[in-house]
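Okay, structure first, notes after.
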Number of protein chains: 2
Amino acid sequence: MAKLQKSIDKRNALVKATIELVNNNGFHATPMSKIAKMANVSPATIYLYFENKQDLLNQTYVDVKAEYTNYAFATYDTNMEVEAGFELIWKRIAHFKLKECENAMFLAQCDNTPIIDEDSRQEGIKHLQPLLDLWDRGKKEGIIKPMTNYMLYAYAINPLSFLMMSEQRGAMKLDQSHLEEAYQSAWSSIKVCQ
Amino acid sequence: MAKLQKSIDKRNALVKATIELVNNNGFHATPMSKIAKMANVSPATIYLYFENKQDLLNQTYVDVKAEYTNYAFATYDTNMEVEAGFELIWKRIAHFKLKECENAMFLAQCDNTPIIDEDSRQEGIKHLQPLLDLWDRGKKEGIIKPMTNYMLYAYAINPLSFLMMSEQRGAMKLDQSHLEEAYQSAWSSIKVCQ
DNA sequence: TATGTAAAAATGAACGTTCATTCTTTTTTT
DNA sequence: AAAAAAAGAATGAACGTTCATTTTTACATA
């Protein structure tokens, strides 16, 4: 009973504040007091929802990662053809990274620093399975290059993080035609050349 | 006279310690006292070489970025053919990221977080010019896709950061044949398909 | 429906620690 | 012996977390 009574809104506000402040200042430069203030909550209240600062960060990471993959696979169906399925998933991921860039930036920061516990990192990876399965199928069918899934991810998906960060910094603008170009490059880099 | 007398070795030791500790703990979780200890120096001595902690980080970043690009272009000659020049530079970059992964990890962390000052970030980008010039030439010759340099970097170079981080985490091993595959994917994604 | 009450949730202030930076003194160099 | 470099100890601010207390909620009773 106890835990369920605690307002889920307050937890969400804390997670949201964490994302925004960590994006702007980095994890260790965002004090709990600021997170509390942004969430309209007392610092002490944070400890009713999270064990400590590290736990707050870990849970925020897993939350955001789940949101990311849920969005990515929402309209995907495992019966789709490999190329069509990949295009669908790719475009959903691209859309997420560009429209929800607060979330995407947060993930990029966590994925390139030692601030997240290894357990939470592993937890986050699990949700990507449908894409890895699709790639395995593509390799069997001779449509996708016989490379490790890490390599495929590096070329097909990861560039979107770089593009998102560049746009976020104001270095470039990504419109629909850029996105189509990007998709073609992603597909070129992993498809088997006929 | 004053500045020149200060030992360059001591400065280098401080920069090296900063890289190692920031890689393992993140910037804000590495105290000046630990940096000093690792460099066999008193905390107060750091302030003879650097203005403050932020300045230490900024200078470390610019140093490492310069080392990275010096290595990348060391054997490149602007008279080379586009494809050959790209292959050469790509392989030098790959070699740097995989053999000097301490340095590469440090750059990845700085490039995905707000810990570096914008000025130092800009300073670091300048040194990449030879590659951008090569790409512009390739576009004129119809060899390279007519995309922005950011897009080309995202697909041709940035995946190496992801692969380096994955290997560093023990998720995969990158041998020579993986590297050849990676190069083919990089080239596939930016070359004009005939 | 109104009231009393015990548990849960939330709070602001306080605590102890850590940290970046500075100060004063000592050591090294020229 | 004067100047530069380095050192260790000291300082004051900031932080994560906890504590003692207050406020809110849920609900039994009338």
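The structure presented is a predicted model; accordingly, all values stated were derived computationally and were not measured. Every chain is numbered from 1, with letters handed out A, B, ... down the list of sequences.
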Worksheet item: Is it the case that B/Q54 and B/N58 place a side-chain donor and acceptor less than 3.5 Å from each other?
Response: yes
Worksheet item: Of the nucleotides D/dG8, D/dG16, C/dA20, which one has an atom closest to the side chain of A/Y47?
Response: D/dG16
Discussion item. Output the rounded distance in Å from CG (A/L57) to C1' (D/dC15).
Written reply: 16 Å
Worksheet item: Given side chains that start at C-beta, do those of B/D111 and A/M165 come closer than 4.5 Å, heavy atoms only?
Response: no
Practice prompt. Give the rounded distance in Å between these two atoms: NZ of B/K10 and P of D/dA4.
Written response: 17 Å
Discussion item. Without decimals, in angstroms, what is the distance between A/Y49 OH and D/dG16 C1'?
Written reply: 19 Å
Worksheet item: Pick the nucleotide of DNA chain D nearest each of A/A29 and A/E51; which residue has the one closer to the 5' end?
Response: A/A29
Worksheet item: For the pair made of CG in A/L48 and C1' in D/dT25, what is the distance, rounded to whole Å?
Response: 15 Å
Practice prompt. Quickly work out the A/D55 CG to D/dG16 C1' distance and round it to whole Å.
Written response: 14 Å
Item to complete: Could you tell me the separation between the CG atom of B/L56 and the C1' atom of C/dT21, rounded to a whole number of Å?
Response: 14 Å
Fill in: Atom-to-atom span, CE of A/M32 to P of C/dT11 - whole angstrom
14 Å
Worksheet entry | B/K53 charged N/C atom sitting above B/F27 aromatic ring, 6.0 Å / 45° | yes
Worksheet item: Do B/M147 and A/Q184 have side-chain heavy atoms sitting under 4.5 Å apart?
Response: no
Discussion item. Using whole Å, what does the distance between atom P of nucleotide D/dC15 and atom CG of A/N52 come to?
Written reply: 17 Å
Worksheet item: Closest to the B/A44 side chain: C/dC23, C/dA20, C/dT11?
Response: C/dC23
Item to complete: Considering just the side-chain nitrogens and oxygens of A/T45, establish if one lies under 4.0 Å of OP1 or OP2 belonging to C/dT11.
Response: yes
